[in-house]
Structures are given as structure tokens and as C-alpha cells.
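Notes follow once the structure below has been shown.
We number each residue from 1, following the sequence as shown.
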Amino acid sequence: MSGKLQPLRESHVLLGHGSGGKMSAELVQSVFLPAFHNPVLAALNDQAVVTVEGARLAFTTDSFVVSPPFFPGGDIGCLAVNGTVNDLVVGGAVPICLSASFIVEEGFPVADLRRVAQSMAAAAEAAGVQIVTGDTKVVERGAADGLFITTAGVGLVPAGRDLGPHRIQPGDLILCSGTVGDHGVAILSLRNGLQFDVPIESDSAALGGLVEAMLAAGGEGIHAMRDPTRGGVAASLNEWAMATGTQIVVEEAAIPLRDEVRAVCELLGIDPLNVANEGKLLAAVAPDVAEAVLAAMRTHPLGRQAAVVGEVRAGEAGTVFLRTQVGGTRPLEYPSGEQLPRIC
């Protein structure tokens, strides 16, 4: 069944440990949580919320190793900014500022580095944040793959906001802000030379405006949000189910999915619900505010294809099930292994 974690069995780190799925969770549970254990970290949210002199600050960090660094719909620069901003805003925070650290391989073109920096600046301006500090390291040829970027972000959580898995409860509806799998399939199509009449582009975008519109419509009825990046929708829902001891049931027919993305996933034998997204969110909301929240999402450019895709239930704890379009039901497993390395 989905959602069952085991102790780490491998003696060496594998690509699968960076997938954002089950192997990643087992690595975190077996290595990092015991070493760094504290109540804030143990919550395992996209961001840590700490109180400093009465202010609730959200803090997050992420690293980006996407290959290739330039792809349809974006590049490693805008991805680094948007990914960090999104980790803040899905926790209800208003982003304040970011840091950026660069590991550059000797020989990386300066013109490409300048292009990445300009992309980061434009993404930060669009998200309403500034990049206020950073670091640069250069390593020998062959010691890295072009360019790696690590970003960290700080935001302020307004008084009265409380978002997180601890608030999810049976009866909540699961909302998805738009088509899933776009980012991962855009990268995968580029790597495999796949071309379509309608190009598949990354959905990389900062979600702050969409989140604020949702909170204005749903208030405290919005219980939790998550941006389903590595491991996709399947990983995020399994994390919620395990954290809350609930069962989540998802309707396959309700999940927004581009025909081109579906075609690539069928061709390569990949489940689109396991594929990374970089400009979408999931939300668990009380049923009495779901209609208002959904309407607010659909009026925002990043939520026009938003849909109710599932429900939280008091069934078998820590499980996620998918009702298929042909009328069956199957477990939506926590992704295991690495299908799409270097995707973000």
C-alpha cells in the first residue's frame, strides 16, 4: 500500500534518493532527522516557521541542478527564484528576500551566466522580492555540470494565518491549480528531442498572487497548501496522508492534464502524477469554502484550469487511492526510485 516508509537499506547514496519520492523520504528520516532533530524540522513542511520577537518568520532553502539549464518556458535562474518563493507562499508567508549561491564549473560561458542572472532578477522583480546576498564558487572542469544554484528565502507570516498538514481533516477537498506534469515533461521532451505542434513549456512561475487570492476567498477554511515539485502530485498527497493519518481519494478524470503531456508520459511509461511541477499548487480546503476558493483561483492567470480533484477521508491511514477513468480504484503509490533525474 502507499505511504509506508522503511528504514534506509542502501549503503551508498543513489539517484533515487534525490527523487522527492519514497527513497528521498527514507533518506531524510534515516540520516538527517536524527542528526538535526528539533520540533520545527520534524514538521517537514516546505518551509520552517519560527517566531522572532513576536514576528512569525518563514525560512526555506533549495538547490537547483536542472539539466539542461535552459529549457522551453524558463531556465535554472527563474526556476531557482520561483521554487524558493513558492515554498514560502504555500505556507502562507509573504516573501521578503532571497539569497543565491552559485557553484560554477570552470569553462561555463559568461554569457550564459549573465543570462541566468538576468532571468533571476526578472523573476525576483515579478515575485516582489529582492536577492540581497549570495556566494560564488568555481570548481574545476568535471567537478560539476555547468552550474548549480542554491537559494534561500525569508518571509513573514501574517498574524492569524496557520497553514499546514496539521490542519487537514476528513471531509476536506483537494484542489489543484492547473495542469500537472508540464515542467518535467518539458525537460524530458527537450532531452529526448521530442517535438509537438504545440510546444510543451515549463510552468515555472511564482504563486504568491494566486495564494493571496485564495486566502482572501477562503480564509481559515484553507487548511494546507503544497507545491508538488519533485515526486509530483503523488508524492505530495502521500506526504499529506502519512502526516495526518488520513486517506486521500483522487479522481483521475478531474485532474487537469494537457494532451501533449499525457502523450509523452504514455510513450515513455511515466505516470504524470509522479512528474515535477514548478508553478502549480495543491490545497486542502474545508468543503464550505471550496466553491469560493475555486472561483477565486479561476479568475487568476495561474489558476484558470483549477479543479477539485479529490477528498480527504477517515479511511486506512496514510494511503492515497486513485479512481481511474475506467471506473476502477488503485493505490496512488508514493513514487519510488528516480525516473527523471536533474529535473529541478
Side-chain angles (χ1 to χ4, degrees), residues 15 17-20 24 46 60-90 95 97-153 181-194 199-208 227-232 275-280 302 338-344:
L15 271 177
H17 290 121
S19 66
S24 292
D46 284 331
T60 190
T61 187
D62 206 347
S63 295
F64 297 84
V65 299
V66 62
S67 177
F70 302 99
F71 45 83
D75 55 61
I76 191 173
C78 72
L79 194 66
V81 170
N82 292 336
T84 301
V85 166
N86 290 345
D87 280 349
L88 293 172
V89 301
V90 294
C97 57
L98 306 181
S99 71
S101 177
F102 302 86
I103 296 177
V104 189
E105 183 182 16
E106 180 186 16
F108 190 77
V110 172
D112 286 351
L113 190 60
R114 183 175 289 113
R115 179 180 170 187
V116 168
Q118 291 171 343
S119 176
M120 293 180 75
E125 182 177 7
V129 297
Q130 290 184 317
I131 299 171
V132 297
T133 190
D135 185 43
T136 303
K137 295 290 191 299
V138 178
V139 298
E140 300 90 346
R141 292 178 186 268
D145 185 8
L147 176 66
F148 299 154
I149 301 176
T150 296
T151 44
D182 296 353
H183 172 73
V185 170
I187 302 294
L188 194 61
S189 298
L190 182 61
R191 289 178 186 171
N192 288 275
L194 301 176
I200 301 174
E201 295 188 348
S202 169
D203 59 347
S204 178
L207 295 168
D227 58 328
T229 52
R230 290 180 305 154
V275 178
N277 310 271
E278 292 292 345
K280 301 298 190 305
L302 297 179
E338 178 64 279
Q339 292 180 313
L340 305 174
R342 304 284 300 282
I343 210 73
C344 59

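A donor-acceptor pair is defined here as one N or O able to donate and one able to accept, closer than 3.5 Å; such a pair exists between the side chain of Asn277 and the backbone of Val275. Judged purely by atom type and a 3.5 angstrom limit, Arg230 uses its side chain to pair as donor or acceptor with the backbone of Gly18. The closest donor-acceptor contact from the side chain of Ser119 to the backbone of Arg115 lies at 3.5 Å or more, if one exists at all. The closest donor-acceptor contact from the side chain of Arg191 to the backbone of Ser67 lies under 3.5 Å. Between the Thr60 side chain and the Thr84 main chain, no donor and acceptor come within less than 3.5 Å of each other. Remark: side-chain polar atoms of Glu105 are paired, donor with acceptor, to backbone N or O of Gly146 under 3.5 angstrom. Within the 3.5 Å criterion, the main-chain N or O of Cys78 finds a donor-acceptor partner in the side chain of Asp75.
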Inset, instruction - Please assess Thr151 against Thr61 for the test side-chain contact (heavy atoms from CB on, under 4.5 Å), listing each intermediate value before the final yes or no. - result: CA-CA 6 Å; Thr151 44; Thr61 187; over 6 Å; no
Inset, instruction - Give the C-alpha distance, both sets of side-chain angles, the deciding distance and a yes or no for side-chain contact (heavy atoms from CB on, under 4.5 Å) between Asp182 and Glu278. - result: CA-CA 8 Å; Asp182 296 353; Glu278 292 292 345; over 6 Å; no
Inset, instruction - Test Val65 against Arg342 for side-chain contact (heavy atoms from CB on, under 4.5 Å), laying out the working first. - result: CA-CA 6 Å; Val65 299; Arg342 304 284 300 282; 3.7 Å; yes
Inset, instruction - Take Ile76 and Phe148 through the side-chain contact (heavy atoms from CB on, under 4.5 Å) test and state the conclusion after the steps. - result: CA-CA 8 Å; Ile76 191 173; Phe148 299 154; 5.6 Å; no
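A salt bridge between Lys280 and Asp203 is present, with a side-chain N of the basic residue lying under 4.0 Å from a carboxylate O of the acidic one.
The distance from the CG atom of Asn82 to the CG atom of Leu207 is 8.0 Å, given to the nearest 0.5 Å. Note that CZ of Phe64 and CD1 of Ile343 are 13.0 Å apart. Values are rounded to the nearest 0.5 Å. In this structure, the separation between CD1 on Ile200 and CG on Leu194 is 8.0 Å, given to the nearest 0.5 Å. For the atom pair CD (Glu125) and CD (Gln130), the distance works out to 9.5 Å, reported to the nearest 0.5 Å. The CZ atom of Phe108 sits 12.5 Å away from the CZ atom of Arg141 when rounded to the nearest 0.5 Å. Rounding to the nearest 0.5 Å gives a distance of 9.5 Å between CG of Leu88 and SG of Cys97.
With contacts defined as side-chain heavy-atom distances shorter than 4.5 Å, the pair Ile103/Val139 qualifies. Inter-residue side-chain proximity for Phe70 and Val116 is flagged as met; some heavy-atom pair is nearer than 4.5 Å. Side-chain contact between Leu79 and Cys344 is present, with at least one heavy-atom pair separated by less than 4.5 Å.
By the side-chain contact (heavy atoms from CB on, under 4.5 Å) test, Ser101 is found to be paired with Asp135, Thr150, residues two or more places apart in sequence or in another chain being considered. Residues meeting the side-chain contact (heavy atoms from CB on, under 4.5 Å) test with Ser99, sequence neighbours left out: Thr133, Ala152.
The two atoms that bring Ala100 and Ile131 nearest to each other are CB-CG2, 4.0 Å, heavy atoms only. Pairing each heavy atom of Pro68 with each of Leu190, the nearest pair is CG-CD2, 3.4 Å. The shortest heavy-atom contact between Gly208 and Val89 is CA-CG1, 3.8 Å. Scanning both residues, Ala206 and Val85, for their nearest heavy atoms gives CB-CG1, 4.1 Å.
Shown here is Glu106, whose CD atom has more than 12 heavy atoms of other residues, nucleotides or ligands within 6.0 Å.
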